[in-house]
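What follows is a set of notes on a single structure, which appears directly below.
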Amino acid sequence: YPFWHGKNLEGLQGTLRRLSELFQKDIVIAETAYPFTLNWNDWTTNVVGSREQLILPAYPPTPEGQSQFIKTIKAIVRATAGGIGLCYWGGELVAFNGPKAADGSPWENLALFDFSNRALPAIEALGGE
């Protein structure tokens, strides 16, 4: 998660390369996510809610920015010897109790579905090739 573990994707690439060389094992990004918006769809505090948490200007909090983030992470993993994939965390964690819920989803703006529960372009970016 770049908003918790550094915003340097080049650093991630170097770390994955070193892990691959040192341990000679397959590499998987076990969890990652990125916001498609900084807006809210309920009254539950979002995990990511400020521009300071983002990798800007490369990955804005838009559906396209979220999709591009996924494409970049996939490319980094694929460029790593033994890199086999990534898992997107909380893609289904949409707001579920209505717009005034205080017990909704703190992950709603990182989900793979917009606030009308329509699939976002990041789902295609996750698709296999």
Side-chain angles (χ1 to χ4, degrees):
Y1 300 105
F3 37 89
W4 289 325
H5 302 115
K7 300 176 190 176
N8 183 340
L9 297 185
E10 292 80 21
L12 171 64
Q13 190 168 19
T15 298
L16 294 182
R17 186 187 73 252
R18 286 188 301 280
L19 286 170
S20 174
E21 291 168 358
L22 182 62
F23 295 107
Q24 301 292 306
K25 301 287 183 185
D26 290 339
I27 300 288
V28 174
I29 301 291
E31 293 182 19
T32 194
Y34 203 81
F36 68 90
T37 184
L38 291 179
N39 293 328
W40 301 42
N41 196 33
D42 59 22
W43 290 358
T44 305
T45 302
N46 286 341
V47 170
V48 176
S50 74
R51 295 184 69 77
E52 291 76 31
Q53 295 173 287
L54 306 178
I55 305 172
L56 296 174
Y59 307 100
T62 64
E64 295 76 23
Q66 181 190 50
S67 180
Q68 189 57 49
F69 173 80
I70 294 300
K71 289 175 184 176
T72 300
I73 296 294
K74 276 179 62 174
I76 289 170
V77 172
R78 283 191 175 151
T80 303
I84 60 172
L86 65 94
C87 299
Y88 194 89
W89 177 259
E92 79 290 0
L93 296 177
V94 297
F96 55 89
N97 280 335
K100 295 192 181 216
D103 63 346
S105 174
W107 214 259
E108 65 182 352
N109 67 326
L110 295 143
L112 296 174
F113 300 89
D114 67 16
F115 294 160
S116 296
N117 296 322
R118 290 182 303 243
L120 290 164
I123 286 180
E124 287 186 30
L126 285 167
E129 288 133 14

message = For Trp40, is there any backbone N or O sitting under 3.5 Å from a side-chain donor or acceptor partner on Asn46?
response = no
remark   = Note: Pro57 and Pro60 closest approach over all heavy atoms is O-CD, 3.6 Å
inquiry  = With rounding to the nearest 0.5 angstrom, report the OH to CG distance, Tyr88 to Leu112.
reply    = 5.0 Å
inquiry  = Just so I know, are the side chains of Pro35 and Val47 near enough to count as touching, which here means a heavy-atom distance under 4.5 Å?
reply    = no
inquiry  = I'd like to know if the side chain of Trp107 reaches the main chain of Trp89, judged simply by a donor and an acceptor atom lying under 3.5 Å from each other, with no hydrogens or angles considered.
reply    = yes
request  = Check whether Trp43 and Leu110 end up in the same hydrophobic cluster, where Ile, Leu, Val, Met, Phe, Trp and Tyr are linked by side-chain heavy atoms less than 4.5 Å apart.
outcome  = no
message = Which residues end up grouped with Leu120 if you chain together Ile, Leu, Val, Met, Phe, Trp and Tyr wherever their side-chain heavy atoms are less than 4.5 Å apart?
response = Phe36, Phe115
ask   = Which residue pairs satisfy the salt bridge (charged side-chain N to carboxylate O under 4.0 Å, His left out) criterion with at least one member in residues 39-58, sequence neighbours excluded?
value = none
Show me the donor-acceptor pairs, under 3.5 Å and distance only, between side chains in residues 93-100 and residues at least two apart or in other chains.
unit_1	atom_1	unit_2	atom_2	d
Asn97	ND2	Asp103	OD1	3.1
Asn97	ND2	Asp103	OD2	3.4

key: Set of residues satisfying ring-ring contact (aromatic ring centres under 6.0 Å, His included) with respect to Phe3, sequence neighbours excluded   = Tyr1
note = The side-chain contact (heavy atoms from CB on, under 4.5 Å) partners of Ser116 (sequence neighbours excluded) come to Asp114, Arg118
message = So Val77 and Leu16, do their side chains get closer than 4.5 Å, heavy atoms only?
response = yes
request  = Show the numbers, then the answer: is there a side-chain contact (heavy atoms from CB on, under 4.5 Å) between Asn109 and Leu38?
outcome  = CA-CA 6 Å; Asn109 67 326; Leu38 291 179; 4.3 Å; yes
query = Are Ile123 and Leu86 connected in a single hydrophobic cluster, I mean Ile/Leu/Val/Met/Phe/Trp/Tyr linked by side-chain heavy atoms less than 4.5 Å apart?
reply = yes
Check: residues 19-27 side-chain donor-acceptor pairs under 3.5 Å, at least two apart:
unit_1	atom_1	unit_2	atom_2	d
Ser20	OG	Ala81	O	2.6
Gln24	NE2	Ser20	O	3.3
Gln24	NE2	Glu21	O	3.0

ask   = Does any pair with a residue in residues 6-19 pass side-chain hydrogen bond (donor to acceptor under 3.5 Å, both in side chains), and if so which ones, sequence neighbours excluded?
value = Thr15-Arg18
ask   = Looking at residues at least two apart in the chain, or sitting in another chain, which of them share a ring-ring contact (aromatic ring centres under 6.0 Å, His included) with Phe69?
value = Tyr34, Tyr59
ask   = Is any side-chain heavy atom of Ile29 less than 4.5 Å from a side-chain heavy atom of Ile76?
value = no
Closest approach of Cys87 to Ala30 (non-hydrogen atoms, all atoms of both residues) = CB-O, 3.1 Å
query = Counting distance only, does the side-chain N/O of Gln66 pair as donor-acceptor with the main-chain N or O of Ala111 below 3.5 Å?
reply = yes
request  = Tell me, please, which residues at least two apart from Thr44 pass side chain to side chain donor-acceptor pair (under 3.5 Å).
outcome  = none
message = Connecting only ILVMFWY residues whose side-chain heavy atoms lie within less than 4.5 Å of each other, what is the rest of Ile84's hydrophobic cluster?
response = Val28
ask   = Nearest 0.5 Å, what's the CG-CD distance between Asn39 and Glu108?
value = 9.5 Å
request  = Tell me, please, which residues at least two apart from Lys71 pass side-chain contact (heavy atoms from CB on, under 4.5 Å).
outcome  = Ser67, Gln68, Ala125
